[in-house]
Chemist: 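Supplied in structure tokens, the structure appears directly below.
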2 protein chains.
Amino acid sequence: MPITIEQVSQKTGLSVSTVSKALNDYPDIAPETKERVLQIARELNYQPSAAARNLRRKHTNKIGFILPFAVSYISEYVSGLITGAAMAAEATGYNIVLYTNQSNQHEQLAKICRAREVDGLLLRGTDHVDETFALLDHEEIPFVITGRRVDHPHASYIVPDNFGGSLTLMRHLIDLGHKRIAFTSRPALFETNTDRMAGYLEGLRQADIVIDRDLIIETSVEPHSGYSAMNTLLNLSNPPTALFAIHDLIAIDAMQAAFERGLRVPEDLSIASFDGIQATQITKPPITTARQPITDIGKRAVEMLLKRIADHSTPPMREIVPVQLIVRESTARAQ
Amino acid sequence: MPITIEQVSQKTGLSVSTVSKALNDYPDIAPETKERVLQIARELNYQPSAAARNLRRKHTNKIGFILPFAVSYISEYVSGLITGAAMAAEATGYNIVLYTNQSNQHEQLAKICRAREVDGLLLRGTDHVDETFALLDHEEIPFVITGRRVDHPHASYIVPDNFGGSLTLMRHLIDLGHKRIAFTSRPALFETNTDRMAGYLEGLRQADIVIDRDLIIETSVEPHSGYSAMNTLLNLSNPPTALFAIHDLIAIDAMQAAFERGLRVPEDLSIASFDGIQATQITKPPITTARQPITDIGKRAVEMLLKRIADHSTPPMREIVPVQLIVRESTARAQ
DNA sequence: CGCCATTCCGAAATCGTTTTAGGTAATGAA
DNA sequence: TTCATTACCTAAAACGATTTCGGAATGGCG
């Protein structure tokens, strides 16, 4: 059985309340007493029961993280988020507790909140609905959303600068002399996609390049949808000299398609993409990409959350974090 | 404020204890009463306080997972482990709580145990020492180790079949007619390395191939140590026709080195490796590898842990899980 | 009718802390 | 000497459940 405060009280000859206050550094305990209590508590290896403390203090020092729906593996993206979150949390005495997203997400969230299992929640923008906000609001559980600019008065969020990142990527390509730049988009489920598309269009506009609808292709969420997209692009009578893929996996597929046509990257075709997953480093050539500082986002997200936990009346926070252009060997001057 | 059992008691007109028993399906409560309590509890959205319950029941339904030391990002390996663990845990009403490995690991673990923050611990074989076992033993916290066969009477562990996996990989190479098979090893910190090496040697032995010390090179933990290893191998007067890399990253580096020499894979050099990380699918050619069922290992680890939590007297369990040979395009018949 | 089982419910203890509201002794001031 | 302050400590009430133990009906049986 673990040591309880009772036993420390016995051994010191002091009351339980005095011991508690000494341990929690209350001002109405004599310094020598504090010292002695600390000493003996250490000797006994006393550590306050988390459960008892949680009950009394009405908080758990835990932050909930909902894993993506139907996980069979978690992406590099999500694990980066978790890493950052776990580090920032632990730095303040908090910990992350993982919940796998069940089919009845609303029920699950409701249970977590009402049981007061955590002090706050980290949500990914892609898996929840408006009714979630109502619940969280009602249960007064602070939360922050990552990866989506959600339009709700009480919602805090943090997102990468999708528009800005795309724009710098486009500038890079344009600076290299490219005029025919293709864009493989994605179904516009969330603003992530529309923002990146907007960056693409703005890049063209600033360079006075007229939009060629043939150069914009929508990919699906299927594994190798970038492959076929690249093929249709290369079948064009006037094919592109550069590709801006909406995310790295698409770029990798596209590069494969280009190779199979006997094209060289970057000599015949420049390829750039977004996100900066590790795989972009090991392709041949390594891919130029706009890297999301994903660990930092996770870290920053819990910092924001912690602020709202500390003071529930803190107004919601919105942050857009800059994205870093990493120029590698998949992009070169247009021939 | 959340609804408490007290309020359910009020509304039903029954005592708190009756409500509790009804909710927990005690046999000494009339079926109609149970029904009514359940009904009203649902109406009120009552959910028992986790903290109160933990205190009284003396368990938390949480499993601790210690993240690797000095995380700046967590590997695909670790995140696979976490995914499997989280799923298996949630299936039984448990959750994973993440701890980032602090410098004073022992202190950290001691605190977690003594505060009874979790019911059990999932440890990775690579970061802990014998004194950890003594602590966990003394605090009576069940634990299971992944990735290392630890020699301790109370320790449960689960590891991939490093020896068997290496042996099948070798058989594959040998069946393809290879006789000069190189092996890039790793410092023998843990049995993972020695086991894989043993599989390599056994493979040679079974095929009556004499060991050529020149074909065995030790790589370091540095990022691109596979690159230089491959180069020394290729500088040999009689270079290998196949490489068995101790893990995937090494194989990727090695392939790079081979390409730079103008060699073709697999025509001039077959390359195979161990682990089965996703990157092996996107290299060109994709790499033949012995895949660890990492999610399953995470899952199985918590199942083992749960068993020991349910009954502390369960004897420690040891499992060696089979590894799956995935033949891809990086290996071919020897010329 | 009396007695014993059952059946069902409730009172109260308990889990291990924190915190509020005193209480006592020593000190200083008048 | 007396009274108000301080300084330090403690008793007891939470926190919100679970569980033990006993008690009041009810029913069956002789």
Side-chain angles (χ1 to χ4, degrees), chain A residues 1-38 40-41 44-62 93 111-119 139, chain B residues 1-38 40-41 44-62 93 111-119 139:
Chain A
M1 283 298 93
I3 311 294
T4 69
I5 198 174
E6 174 68 29
Q7 303 177 44
V8 180
S9 144
Q10 300 262 323
K11 183 131 180 187
T12 54
L14 293 163
S15 76
V16 164
S17 32
T18 303
V19 172
S20 173
K21 290 206 275 192
L23 259 18
N24 290 291
D25 206 25
Y26 272 54
D28 64 346
I29 301 294
E32 314 85 63
T33 312
K34 275 183 191 169
E35 193 52 50
R36 199 157 59 87
V37 170
L38 240 51
I40 295 198
L44 256 31
N45 280 328
Y46 168 69
Q47 196 60 240
S49 147
R53 175 173 278 186
N54 289 349
L55 176 57
R56 182 60 233 229
R57 290 198 173 157
K58 288 170 176 293
H59 63 241
T60 61
N61 278 38
K62 303 257 174 289
K111 178 171 176 305
I112 296 169
C113 296
R114 306 209 241 258
R116 262 13 195 201
E117 293 192 23
V118 299
D119 298 341
E139 300 295 336
Chain B
M1 281 302 91
I3 312 293
T4 69
I5 197 173
E6 174 67 29
Q7 303 177 43
V8 180
S9 145
Q10 300 262 322
K11 182 133 182 184
T12 53
L14 292 163
S15 75
V16 164
S17 32
T18 303
V19 172
S20 173
K21 290 201 278 193
L23 259 17
N24 289 291
D25 206 26
Y26 273 55
D28 64 345
I29 301 293
E32 314 83 63
T33 311
K34 275 183 190 170
E35 194 51 50
R36 201 157 57 85
V37 171
L38 240 49
I40 296 200
L44 292 176
N45 280 327
Y46 169 70
Q47 197 60 242
S49 146
R53 176 174 275 185
N54 289 348
L55 176 58
R56 182 61 234 226
R57 290 198 172 158
K58 287 169 175 293
H59 63 242
T60 61
N61 278 36
K62 302 259 173 290
K111 177 171 177 304
I112 296 169
C113 297
R114 307 208 243 256
R116 258 25 192 196
E117 293 193 20
V118 299
D119 298 341
E139 301 294 335

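Every chain is numbered from 1, with letters handed out A, B, ... down the list of sequences. What you see is a predicted model; the values in this text were computed from it and never measured.
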Chemist: Among D:dC9, D:dG16, D:dT18, which nucleotide sits nearest the side chain of A:Leu14?
Modeler: D:dC9
Chemist: Decide yes or no, distance alone: a donor-acceptor N/O pair under 3.5 angstrom between the base of C:dC15 and the side-chain of B:Asn54.
Modeler: no
Chemist: Do the side-chain N or O atoms of B:Thr4 get closer than 4.0 angstrom to the phosphate oxygens (OP1, OP2) of D:dG16?
Modeler: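 No, no such contact exists.
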Chemist: From CD of A:Glu35 over to P of D:dC9, roughly how many Å is that when rounded to an integer?
Modeler: 13 Å
Chemist: Between B:Ala52 and A:Pro31, which is nearer to the 5' end of DNA chain D once each is assigned its nearest nucleotide?
Modeler: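 The residue mapped nearer the 5' terminus is A:Pro31.
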Chemist: Provide the closest heavy-atom pair for A:Ala22 versus A:Leu38 in the form atom of the first, atom of the second, distance.
Modeler: O-CD1, 4.5 Å
Chemist: Side chain of A:Ser9, backbone of A:Leu14: donor and acceptor closer than 3.5 Å?
Modeler: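 Yes: the side chain of A:Ser9 pairs with the backbone of A:Leu14.
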Chemist: Between C1' on C:dG16 and NE2 on B:His59, what's the gap in Å once rounded to a whole number?
Modeler: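 Checked: the NE2 to C1' distance equals 16 Å.
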Chemist: Ignoring hydrogens and angles, does a donor from either the side chain of B:Arg56 or the base of D:dT18 sit under 3.5 Å from an acceptor on the other?
Modeler: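 Counting by modelled atom types and ignoring angles, a donor-acceptor contact under 3.5 Å is found here.
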Chemist: Which of the following nucleotides, D:dC8, C:dG10, C:dT19, is nearest to the side chain of A:Lys21?
Modeler: C:dT19
Chemist: Would you tell me if any nitrogen or oxygen in the side chain of B:Ser15 comes within less than 4.0 Å of OP1 or OP2 on C:dG10?
Modeler: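 Yes, such a contact exists.
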Chemist: Rounded off to whole Å, could you give me the OH-to-C1' distance for the B:Tyr26 and D:dG22 pair?
Modeler: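 These atoms are roughly 16 Å apart.
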Chemist: Taking the side chain from B:Asn61 and the backbone from B:Gly93, do they hold a donor-acceptor pair closer than 3.5 Å?
Modeler: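 Judged by distance alone, yes, a pair lies under 3.5 Å.
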Chemist: Whole angstroms only, please: what is the CZ-P distance between B:Arg57 and D:dG16?
Modeler: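 Whole-Å distance recorded here is 17 Å.
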Chemist: Report yes if a donor N or O on one partner sits less than 3.5 Å from an acceptor N or O on the other, where the partners are the side chain of B:Lys58 and the base of C:dT14; otherwise report no.
Modeler: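 Side chain to base: no pair below 3.5 Å.
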Chemist: Which whole-number value in Å describes the distance from A:Ile5 CD1 to D:dA14 P?
Modeler: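 In whole Å, D:dA14 P and A:Ile5 CD1 are 19 Å from each other.
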Chemist: To the nearest 0.5 Å, tell me how far A:Gln10 CD sits from A:Leu44 CG.
Modeler: 10.5 Å
Chemist: Between atom CG in A:Leu23 and atom P in D:dC9, what is the gap in whole Å?
Modeler: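 Computing the A:Leu23:CG to D:dC9:P distance gives 14 Å.
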Chemist: Counting only side-chain nitrogens and oxygens, does B:Thr33 get under 4.0 Å of the OP1 or OP2 atom of C:dC8?
Modeler: no
Chemist: Would one find more than 12 heavy atoms of other residues, nucleotides or ligands at under 6.0 Å from atom NZ of B:Lys11?
Modeler: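 Open.
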Chemist: I need the CG-P distance between A:Asp28 and C:dA25, as an integer number of Å.
Modeler: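 Nearest whole value for this atom pair: 18 Å.
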Chemist: Hey, does the side chain of A:Arg114 reach the backbone of B:Ile3 with a donor-acceptor pair shorter than 3.5 angstrom?
Modeler: no
Chemist: Please evaluate the base of D:dA17 for a donor-acceptor partner in the side chain of B:Ser49 within a cut-off of under 3.5 Å?
Modeler: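 No pair found.
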Chemist: I need the CG-C1' distance between A:Asp25 and C:dT19, as an integer number of Å.
Modeler: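 Nearest whole value for this atom pair: 16 Å.
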Chemist: Looking only at side-chain atoms of A:Ala30, point me to the closest of D:dC8, C:dC9, C:dT17.
Modeler: D:dC8
Chemist: Can you work out whether B:Val19 or A:Thr18 has the more 5'-proximal nearest nucleotide on DNA chain C?
Modeler: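 Nearest-nucleotide comparison on DNA chain C picks B:Val19.
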Chemist: Any N or O donor-acceptor pair under 3.5 Å from the base of D:dA17 to the side chain of B:Ser20?
Modeler: no
Chemist: Which residue, B:Ile29 or A:Tyr46, contacts DNA chain C at a nucleotide closer to its 5' end, judged by nearest heavy atom?
Modeler: B:Ile29
